[in-house]
Amino acid sequence: QVQLVESGGGLVQAGGSLTLSCAASGLTFSDYVIAWFRQAPGKEREFVAATGWKTYTTYAESVLGRCTIARDGAKNTVYLQMNSLKPEATAVYYCAAGREGTVLPDTISRPGPYAYWGQGTQVTVSS
């Protein structure tokens with residue numbers, strides 16, 4: 001049974017930093033693209049960042065330069081470090097896993113190809 005468990009969310013002031021974690025189990029970690037999406041109230045789920053194919057990483061334009069995604073194969077965990085946070089980053093952050101080959105570089109930012117999702121972790125940025 002595949003499980004993705006997010007942690008690390010919380011309340012932070014604008015300009016602050018948070019690091020989210022996504023711990024995966026029940027899958028062959030190296031075979032999967034792991035992504036972060038976020039969803040604010042009343043808005044669609046949007047792509048934040050993803051990592052796959054051993055060293056490939058990609059980011060949404062809105063977070064470029066302020067977020068870093070990294071995976072630790074020994075711990076089956078993906079991290080999302082977020083710096084210089086803005087109030088508009090307030091959302092529930094979800095971790096998603098999709099098999100390499102099902103997720104492709106030109107579909108990596110779409111939620112559809114990801115088969116597994118975590119329960120989400122709330123990030124609130126106060127102004």
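None of the values given here were measured: they were computed from a predicted structure.
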Quiz item: Does the pair Thr51 and Val33 meet the rule for a side-chain contact (heavy atoms from CB on, under 4.5 Å), with working shown?
Solution: CA-CA 6 Å; Thr51 175; Val33 175; over 6 Å; no
Self-check item: Donor-acceptor contact present, side-chain Glu6 to main-chain Gly120, <3.5 Å
Solution: yes
Quiz item: Given the side-chain rings of Phe47 and Phe37, with only the six-membered ring counted for Trp, is the space between their centroids under 6.0 Å?
Solution: yes
Quiz item: Going by heavy atoms in the side chains, are Arg66 and Tyr59 under 4.5 Å from each other?
Solution: no
Quiz item: Which pair of non-hydrogen atoms, one from Ala14 and one from Ser127, has the smallest distance, and what is that distance?
Solution: CB-CA, 4.3 Å
Self-check item: From CA spacing to verdict: side-chain contact (heavy atoms from CB on, under 4.5 Å), Lys86, Ser62
Solution: CA-CA 11 Å; Lys86 301 178 181 180; Ser62 60; over 6 Å; no
Exercise. State, yes or no, whether a side-chain contact exists between Val123 and Met82 at a heavy-atom distance under 4.5 Å.
Key: yes
Quiz item: Does a side-chain heavy-atom distance below 4.5 Å link Tyr32 with Glu100?
Solution: no
Practice problem: Report yes if some heavy atom in the side chain of Leu20 is under 4.5 Å from a heavy atom in the side chain of Tyr79; otherwise report no. | Solution: no
Quiz prompt | Same cluster (ILVMFWY, side-chain, under 4.5 Å), Tyr114 and Leu27 | solution = no
Self-check item: Side-chain (Gln39) to main-chain (Val92) donor-acceptor, under 3.5 angstrom
Solution: no
Self-check item: Side chain proximity check, Tyr56 to Ile108, heavy atoms < 4.5 angstrom
Solution: yes
Quiz item: If you draw the axis of the six-membered ring of Phe29, does the NZ or CZ of Arg71 fall within 45° of it and under 6.0 Å from the ring centre?
Solution: yes
Quiz item: How many angstroms lie between atom OG1 of Thr68 and atom CG of Asn83, to the nearest 0.5 angstrom?
Solution: 6.5 Å
Quiz item: Take atom CZ in Arg45; do more than 12 heavy atoms of anything else shown fall under 6.0 Å from it?
Solution: yes
Quiz item: Are any non-hydrogen side-chain atoms of Gln122 and Thr90 less than 4.5 angstrom apart?
Solution: yes
Quiz prompt | Atom of Trp53, atom of Val103 and distance for their closest heavy-atom approach | solution = CZ2-O, 3.2 Å
Quiz item: Which heavy atom of Ala40 sits nearest a heavy atom of Ala91, and at what distance?
Solution: N-CB, 3.8 Å
Self-check item: Common cluster, Leu80/Val63, ILVMFWY with side-chain heavy-atom separation under 4.5 Å
Solution: yes
Quiz item: Would Cys95 and Ile34 count as a side-chain contact (heavy atoms from CB on, under 4.5 Å) if you check the C-alpha gap in whole Å, the side-chain angles of each, and the deciding distance to 0.1 Å?
Solution: CA-CA 7 Å; Cys95 174; Ile34 307 295; 3.8 Å; yes
Exercise. Measure the CD-OG distance between Glu46 and Ser109 for me, rounded to the nearest 0.5 Å.
Key: 11.0 Å
Exercise. Evaluate the side-chain proximity of Val12 to Thr124: yes if any heavy-atom separation is below 4.5 Å, no if none is.
Key: no
Practice problem: Using a 4.5 Å cut-off on heavy atoms from C-beta on, say whether the side chain of Leu104 contacts that of Pro113. | Solution: no
Exercise. Calculate, to the nearest 0.5 Å, the distance between atoms CZ and CD belonging to Arg38 and Glu44 respectively.
Key: 14.0 Å
Practice problem: Just say parallel, tilted or perpendicular for the rings of Tyr94 and Trp117, cut-offs at 30° and 60°. | Solution: perpendicular
Self-check item: Leu18 side, atom CG; Cys67 side, atom SG - distance, nearest 0.5 Å
Solution: 10.0 Å
